[in-house]
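One structure is given here, and the rest of the page talks about it.
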Amino acid sequence: MLLNMIEKSIGLDRWLFLKKFFQNPRDIGSIIPSSTSLTQKMLEPVRWGEINSLVELGAGTGVFTEAIHASKRPDCKVVIFEKDDEMRGQLQSQYSEFNFCKNAVELKKNLSDLGIDKVDCIISGLPFANFTQSDRSQIISQIKETLHEDGVFVTFQYSLQMKKMLQEEFAHMRIYLVPWNVPSAFVYVCRLKTTFVKHS
């Protein structure tokens, strides 16, 4: 009865996120889902008319996934990574036209299995600060390998811990503060080239 009351008062998605945070805070990273302000800032760099393929890492309850679904072109190929089985299963039932994978550490292999070599955009909600250095390095390395040379990688963190690493790994990076999020977040927009053009 108490759980039903909590679910109704804070919403199923927020309750699921809260439950998963307490079960495994290292993988979830925050106590509540991302805000509308953060979602807008995360997707602001995406040129939807030019995006043929997109990957989301760490989808959680699908705050970014919903916005991606609403904004993408009908022919855009989307691959969603979510480690938690319950959250991934819920998203699969909602967005059956998307491809779903489990582990971002196997990003390149999973994309290859789907017949995808390079993607135009990678959106990440992964809590890199909670990962081991090895996992961080593996994921960032694979992001660089699978991103088109004029593609964009967008991630957010709750600190500037990733600034040095991303500056070293990407030719161009900008950071934006989103204060109207709980907690406040930093959005990193990264590109492999200092200048970029649409690929053919």
message = I need the Phe98 CZ to Lys72 NZ distance, nearest 0.5 Å.
response = 5.0 Å

task = Using the side chain to side chain contact (heavy atoms under 4.5 Å, CB included) rule, take Asn99 and Val78 through it: C-alpha gap first, then chi angles, then the decisive distance, then the call.
result = CA-CA 6 Å; Asn99 297 286; Val78 178; over 6 Å; no

ask   = Is the side chain of Arg191 donor-acceptor paired with the backbone N or O of His172 at a distance under 3.5 Å, no angle test?
value = no

key: Beyond-backbone contact of Val119 with Leu111, side-chain heavy atoms, under 4.5 angstrom   = yes

note = Heavy-atom nearest pair, Asn181 first then Ser35, reads OD1-OG, 2.7 Å

query = With no hydrogens and no angle check, is any side-chain donor or acceptor of Ser96 less than 3.5 Å from a backbone partner on Gln92?
reply = no

message = Within this structure, what is the CD-CG distance for the pair Gln142 and Asn110, rounded to the nearest 0.5 Å?
response = 9.0 Å

ask   = So do the side chains of Phe156 and Leu38 get within less than 4.5 Å of each other, counting heavy atoms only?
value = yes

ask   = According to a 4.5 Å side-chain heavy-atom criterion applied to Ile, Leu, Val, Met, Phe, Trp and Tyr, with indirect links allowed, do Val154 and Trp180 form part of one hydrophobic cluster?
value = no

key: Path from Val63 to Tyr158 over hydrophobic side-chain contacts below 4.5 Å   = yes

ask   = In the single-linkage hydrophobic clustering (I, L, V, M, F, W, Y; side-chain heavy atoms under 4.5 Å), do Met165 and Leu57 co-cluster?
value = yes

request  = Look at the aromatic rings of Phe153 and Phe128 and report parallel, tilted or perpendicular, splitting at 30° and 60°.
outcome  = perpendicular

query = Applying the 4.5 Å side-chain criterion to the ILVMFWY set and letting contacts propagate, would Tyr95 and Trp48 be lumped into a single cluster?
reply = yes

inquiry  = Are Arg136 and Met162 packed together at the side-chain level, in the sense that at least one heavy-atom pair is separated by less than 4.5 angstrom?
reply    = yes

inquiry  = Is any side-chain heavy atom of Leu166 closer than 4.5 Å to one of Cys190?
reply    = yes

query = Is there a side-chain contact between Val178 and Ser184 (heavy atoms, below 4.5 Å)?
reply = no

inquiry  = Working to the nearest 0.5 angstrom, can you tell me the gap between Asp117 CG and Ser53 OG?
reply    = 10.0 Å

request  = Show your reasoning for whether side chain to side chain contact (heavy atoms under 4.5 Å, CB included) applies to Val152 and Cys121.
outcome  = CA-CA 5 Å; Val152 61; Cys121 178; 3.9 Å; yes

query = How many angstroms lie between atom CG of Leu54 and atom CG of Asp120, to the nearest 0.5 angstrom?
reply = 8.5 Å

query = Does Ser93 reach the main-chain N or O of Gln90 with its side chain, forming a donor-acceptor pair under 3.5 Å?
reply = yes

message = Do Glu44 and Val187 have side chains that approach each other closer than 4.5 Å (heavy atoms only, starting at C-beta)?
response = no

inquiry  = So does Asp84 get a backbone contact from the side chain of Glu82, meaning a donor-acceptor N/O pair under 3.5 Å?
reply    = yes

inquiry  = Under a 3.5 Å threshold, yes or no: a donor from one side chain and an acceptor from the other, between His69 and Gln94?
reply    = no

task = Begin from the C-alpha positions of Gln133 and Ser137 and carry the test side-chain hydrogen bond (donor to acceptor under 3.5 Å, both in side chains) through to its verdict.
result = CA-CA 6 Å; Gln133 182 60 48; Ser137 297; 3.1 Å; yes

ask   = What are the two closest non-hydrogen atoms of Ala129 and Gln157, and how far apart are they?
value = N-OE1, 3.4 Å

task = May I have the step-by-step check of side-chain hydrogen bond (donor to acceptor under 3.5 Å, both in side chains) for Glu56 and Thr65, ending in yes or no?
result = CA-CA 8 Å; Glu56 182 185 5; Thr65 314; 2.6 Å; yes

key: NZ-SG distance between Lys83 and Cys101, expressed to the nearest 0.5 angstrom   = 14.5 Å

ask   = Distance from Lys108 atom NZ to Ile143 atom CD1, nearest 0.5 Å?
value = 13.5 Å

message = Tell me whether Thr155 contacts the main-chain N or O of Tyr188 through its side chain, where contact means a donor paired with an acceptor under 3.5 Å.
response = no

key: Distance-minimising heavy-atom pair for Ala104 and Ile139   = O-CG1, 3.9 Å

query = Tell me, do Phe81 and Lys102 make a side-chain contact under 4.5 Å, heavy atoms counted?
reply = no

key: Residue Glu66 excluded, over 12 heavy atoms near CD under 6.0 Å   = no

task = Give a yes or no on whether the backbone of Val189 and the side-chain of Arg174 come within a donor-acceptor separation of less than 3.5 Å.
result = no

inquiry  = Other residues, nucleotides and ligands only: do more than 12 of their heavy atoms fall within 6.0 Å of NZ on Lys118?
reply    = yes

